[in-house]
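One structure is given below, encoded as structure tokens.
This one's a predicted model, so the numbers in the text were calculated from it and none came from an experiment.
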Amino acid sequence: MLKPLADHVIVEVVEVEEKTASGIFLPDTAVKEKPQQGKVLAVGRGKYSDNGTLIKPEVKVGDEVIFAKYSGTPVKHQGKDYLVLSERDILATIEK
């Protein structure tokens with residue numbers, strides 16, 4: 001598994017099914033926007049402030065998150081696609 005450094009987070013992107021207001025599901029061939037939702041698989045230790053204190057990340061493994069549209073670096077590891085994000089690119093967690 002990948003181990004992120006500092007305040008980086010490894011996210012598995014979740015493809016959300018697109019459905020119109022009338023309940024029709026859009027096929028994959030339809031024009032879709034880039035996904036912005038994923039599940040956190042690994043979290044770095046955090047980053048250090050100017051005075052040397054460790055600032056721990058707010059997200060944890062297993063959190064479902066929404067991240068900025070064009071953020072992160074796509075990575076392929078052992079045949080799977082992941083996204084490496086900085087924690088500041090995560091906009092919200094999804095509570096269930």
Between P74 and L83, the two heavy atoms sitting closest are N-CD1, 3.7 Å

| Can you check whether L2 reaches V75 side chain to side chain, under 4.5 Å on heavy atoms? | yes

Discussion item. Please evaluate residues T93 and E95 with respect to the criterion side chain to side chain contact (heavy atoms under 4.5 Å, CB included), reporting the C-alpha separation (whole Å), side-chain torsions for both, the decisive distance (0.1 Å), and the verdict.
Written reply: CA-CA 6 Å; T93 58; E95 300 293 324; 3.3 Å; yes

Original post:
Has the side chain of E87 got a donor or acceptor atom that lies under 3.5 Å from a matching backbone atom of E58?
Top reply: yes

Minimal heavy-atom distance between V43 and P4, with the atoms involved, is C-CG, 3.5 Å

When every non-hydrogen atom of K47 is compared with those of D7, the smallest separation belongs to CD-OD2, 3.9 Å

Query - Exam field: side chain N51 to backbone T53, donor-acceptor pair closer than 3.5 Å - result: yes

Yes or no on side chain to side chain contact (heavy atoms under 4.5 Å, CB included) for M1 and L41, after CA distance, side-chain angles and deciding distance?
CA-CA 9 Å; M1 185 58 189; L41 299 179; 3.7 Å; yes

Distance col, row Q36:CD vs Y70:OH, nearest 0.5 angstrom, shows 8.5 Å

| field | Pairwise side-chain contact, I66 with I94, heavy-atom cut-off 4.5 Å (strictly under) | value | yes

Any heavy-atom pair between the side chains of Q37 and V13 that's under 4.5 Å? no

**Asked** Between V65 and V40, does a side chain to side chain contact (heavy atoms under 4.5 Å, CB included) hold up when you go through it step by step?
**Response** CA-CA 7 Å; V65 295; V40 176; 3.8 Å; yes

| field | Min side-chain heavy-atom separation I90-V59 under 4.5 Å | value | yes

Determine whether R45 and L54 make a side-chain contact, defined as any pair of heavy atoms from C-beta on separated by less than 4.5 Å. yes

Of all heavy-atom pairs linking A42 and V61, the shortest is CA-CG2, 4.0 Å

State, yes or no, whether a side-chain contact exists between Y82 and V11 at a heavy-atom distance under 4.5 Å. no

Heavy-atom closest pair (V14 atom, K39 atom, distance to 0.1 Å) is CG2-N, 4.0 Å

Is the shortest side-chain heavy-atom distance between V9 and F67 below 4.5 Å? no

